[in-house]
Structures are given as structure tokens and as C-alpha cells.
Amino acid sequence: MSSKESDRIVVLDFGSQYSHLICRRIRDFAVRAELLSFDTDTTEVLSADTKGVILSGGPSSTYAENAPMPQQGILDSNIPILGICYGHQVIVSRYGGVVKRASREYGHSTLMIHDSDGLFGGLDSSMTAWMSHGDEAETIPDGFRVIGQTSSAAAAAICDDSNRIFGLQFHPEVAHTPKGVDILYNFAVKICGAKQNWTMEAFTSSTIKRLSHTTGRVLCGVSGGVDSSVVAVLLHKAIGDNLRCVFVENGLLRHNEASEVKEMFADLGIPVDVIDASESFLNSLSGIDDPEDKRKIIGEEFVRAFTEYSKKNGPFQWLAQGTLYPDVIESGVSGGPAAVIKSHHNVGGLPKWLGLGIIEPLRDLYKDEVRAVGGILGVPSKFLQRHPFPGPGLAVRIMGRITPNKLRICRQASRIVEEEIISAGLYEDIWQAYAAVGDDLAVGVVGDSRMHGHVVMIRVVKSIDAMTADWARLDHTLLESMSNRITNEIDEVTWVTYAISSKPPATIEPQ
Ligand code: XMP
């Protein structure tokens, strides 16, 4: 299904860390939800497919100078509106109530519900609700009534029945509000009447149909990651031989990676051209210490490899990319992460003279939706569940210069860490698990003699979206067996450490 064929709920983003989560929760019950910046034009927000609008939370106060506000035309329209946290306060202040500073409330509260219908239809008379706010409604606007309260917030849920406008001081989208999804369902489906036809089966078949109208040849770089694999399969089903898939062996891949990727595509019946550019990548990286320089060089090497390929095998008219929805949408208020801490761009743009248009079949999807599409298309689950792997590969796990020796240690030790995580049955609970190596040496005793060997750092983290991450509290016997295997199987390693820094302040990769 192209996105325009289904009803949608628009979520206006006021900068909450949970804004994307609202969309994801709604999509879970097969209604299309899209995140737009808080100041998006009324006409764009209220397009024919929009059945309701949600105002997200955010860090601002409605009484502050320059407080972010939606366009007035949206508030004046007949569309149902639900405000969450800051969005609730927008509703209170814009329709004539008063918002005041309150003592900060953070954590679980019990919401007493005064309504058994509408937004709270099908719910009990009380429920757990997750609060995170510093302001609250002092008076609510005329025409509104209180439909829920907590011990500290007298107007934790309000509604204007005749105009179908609702405000919730708490966050229904987070898992800490266990019945929150029911509230979002009641709003989107019962109150707004949005159709539940945003299914990945429908998306898959309509995307293949749409892509089949592509004229010209498409170049698609594949890495073995979920996104590029799913893009390749969609395009192969749509345009067959007009698709050329390219896999670049850059010398920085995991153990056996290149052969596994080749095998998977062979099983899927999709031809892949493998470019072995490892010598060129590793030569360009020799003597380079700075991680950002490494990324830049790797980006340039990828561009060079693709450019050479398309000169030889072209012409191509299109380049396919695995861009996902969160990559497309930046947070409305903050304009995305405050500072670009690492430049996560691997394939910097290909030269303009190649004249390639861009095809991004996944730009409306979240990662879990991409996995579902991959499952429908028959991509093996081993690939769909695979941990993310950075585009610059092992280069960001080797601190200091990249040498053949450090590369081998990093690759072998990472394989051991992954194998141990898999055999402990933890693979799917873990975001990433690998080993990193730098130039630090430490003394060890091997046989009867002392030797200086490398220090290897094991990094195993849990995360939801890589924006934050926590180190995994692994069982000591599991750490022990990783450590023993690393020192036994890799001669040059004498010490093994476990990284117990969370993100922030650390990042997931050491470089
Ligand atoms: P950090 O290290 O910033 O990583 O906490 C967050 C997520 O991004 C991955 N990562 C990269 N991915 N190119 C990529 O494609 C990069 O340069 C890069 N650096 C980090 C990292 O593996 C984690 O999943």
C-alpha cells in the first residue's frame, strides 16, 4: 500500500523523546501514524487521509516566550485532537484554561477514571499511568470536563465531548502505562474512525506493484544488514534483472560475513556482484588514527567502489537505499540530535554526474516493520534478527591504527563474543555484542614466560534504538568463558576487560 491509500493519524512532534513511540504504538494496531513537525502547515496536517491529530509531549512550558504551538487552523478544525503531556497543556492553554508550574512529577501514578466510555472505553475504573511533567492544568477550558485524575493532578485527563478534543497529562505510549495502547486505540479507531489497513502484507504487495513501474536500471548496495537486504528483495521481485546488487568486501567485515551474505542472496535467487576492494580500503586506512578520518576515508572508498562499478556496468538510472522512517523524520523542536557526535554516514553521495535518482522503498517504515516485511518476503530470520553492524565495520572497533594484527584479533575475539552470546540464548535480548582492541599491552604469563599481549575489551549492550544503551549484566560464568576462549584461542591477547559504561556518557562503539 502506498502510504496515501490508508487513513492516517498525524502526530505533531513537540520534541518529546517518546514522539516516535506514539507512532509505533498506533501502527501496532495497523493504523498508519506519521510524525510531523509541530509547526507543519494546517493544510498538510489536515490532508484528506488525516483522521485525527495527536499533540506529543515536549520539554517546553506553554507559558514560556516562544513556546512551540501548532497552527491555529488545526485547533479550530473539526478533527479529533488528543494532547499528551505538553500537548495536553497546549490544549488547556489554547482553548482558554490556565497552565501553571507544579511540583515535578515523575514515575508511576494511579489514574482514577471517571468515564467508562470514549477514550477510556473498556478500561477499569483505575489504571497505572506514567507521569513525567513539571507543569499542570490549574483551570480547564470552558466546555471541557475532567475524565481522570491522580492524587497530584486534578485534571490528569480532560475532554470536550462535542468537539472530540482530549488531553492526557500522562504518557499512554510508554510501556509503564500498561493500558495506554487501549487509549490510543480508542482514540484512533473508535473516535477518529481510522481504518486498520496499515498491514505489512498490504505494504509489501503494493510496494512491489509500485516499484514494478520503475523504468531503467537500479543499482543497490547490499551489506547483509536487514534494511539493504529487504530493499534488494522488494526490488528483485518488482523489476527482476533490471536490478544489480553489489556487495563491497572492504576488509573490515566480521568473520565469514562475505560468504554468508553471498549464500543468503544465492538462496533467495538474487544475483550479487562482489567487489573485493579490501586492499584499497586497508591501504587508504594505513597510518590513520583519528576515527572521523577513518570514517571519511571509508566513505570515500565506498563511493569510489560504486562509481567504478557503475562506470563498468552502467548506465544505471536509480540508486536504491535502505533509508528508514526515523532517518527521514527529525524531531520537530530540537531539529534532531543536538550535536553530531559521530558522522554516521558511510556512503557519502555518489557523484552527481552519474545522474542517479534515489529509490527508498522503506522510508515510511520503522525497523520492526522492515523485519516484518523481510519475513513476508522470505528473508531468513538469521538475517532479520542480526545485530546492527556499523558501515565502517571493524574500523570503529580498532582503536588507533588499523593493522592486520589488530584486525585479526578484533575479528576473532568478536566472533567468540557473538558465539558465546548465541549459545547462552541471549542473542535476541542484546543490541550489540563484540570485542574491541587498541594499542594497550599488558603483561601475561604464558607457559613459563612473561609476555606483553593485547588488551581486548568486550562490549555487550542492550538498547531499544541506539540513542541510549546500557551494558548487559552478563553472568560471570559467561564472561569467564568468553575471556578464557579469547586468551586461549588468540595468542597475542593477555588481558580481557568488560566495558561497563552506559550510553550516555559513552557511545556504543569505542570510536
Ligand atoms: P554509537 O557508537 O554512536 O552507535 O553509540 C550507535 C549505533 O550506530 C552504530 N554506528 C554506526 N553505524 N556508521 C554506521 O552505519 C557509523 O559510522 C557508525 N558508528 C556507530 C553503532 O554500531 C550503534 O548501533
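Atoms considered below: every heavy atom in the structure, side chains included; atoms not considered: hydrogens, waters and symmetry mates. Each ligand, and each atom within it, is numbered from 1 in the order the structure gives.
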Check: In Å and rounded to the nearest 0.5 Å, what is the CZ to OH distance from R371 to Y366?
Finding: 15.0 Å

Taking both backbone and side-chain atoms of [X], is any N or O found less than 3.5 Å from an N or O belonging to ligand 1?
X: G391; answer: yes
X: E509; answer: yes
X: A466; answer: no

Notebook entry, point to check: Out of P291, P392, S223, P388, whose heavy atom sits nearest atom 16 (C) of ligand 1?
Noted result: P392

Item checked: Pair R304 + E301, salt bridge at N-O below 4.0 Å -> yes

Notebook entry, point to check: Does K406 pair with D439 as a salt bridge, N-O distance under 4.0 Å?
Noted result: yes

Check: Going by heavy atoms in the side chains, are L252 and I398 under 4.5 Å from each other?
Finding: no

Notebook entry, point to check: So which bit of F389 gets within less than 4.0 Å of ligand 1, heavy atoms only: side chain, backbone, both or neither?
Noted result: neither

Mark up the atoms of ligand 1 that fall under 4.0 Å of a heavy atom belonging to [X], in ascending order.
X: Q432; value: 21 (C), 22 (O), 23 (C), 24 (O)
X: K503; value: 1 (P), 3 (O), 5 (O), 6 (C)
X: W431; value: 24 (O)

Notebook entry, point to check: Does NZ or CZ of R217 lie under 6.0 Å from the centre of the six-membered ring of F316, at an angle within 45° of the ring axis?
Noted result: yes

Check: With a 6.0 Å cut-off on ring centres, are H387 and W431 close enough?
Finding: no

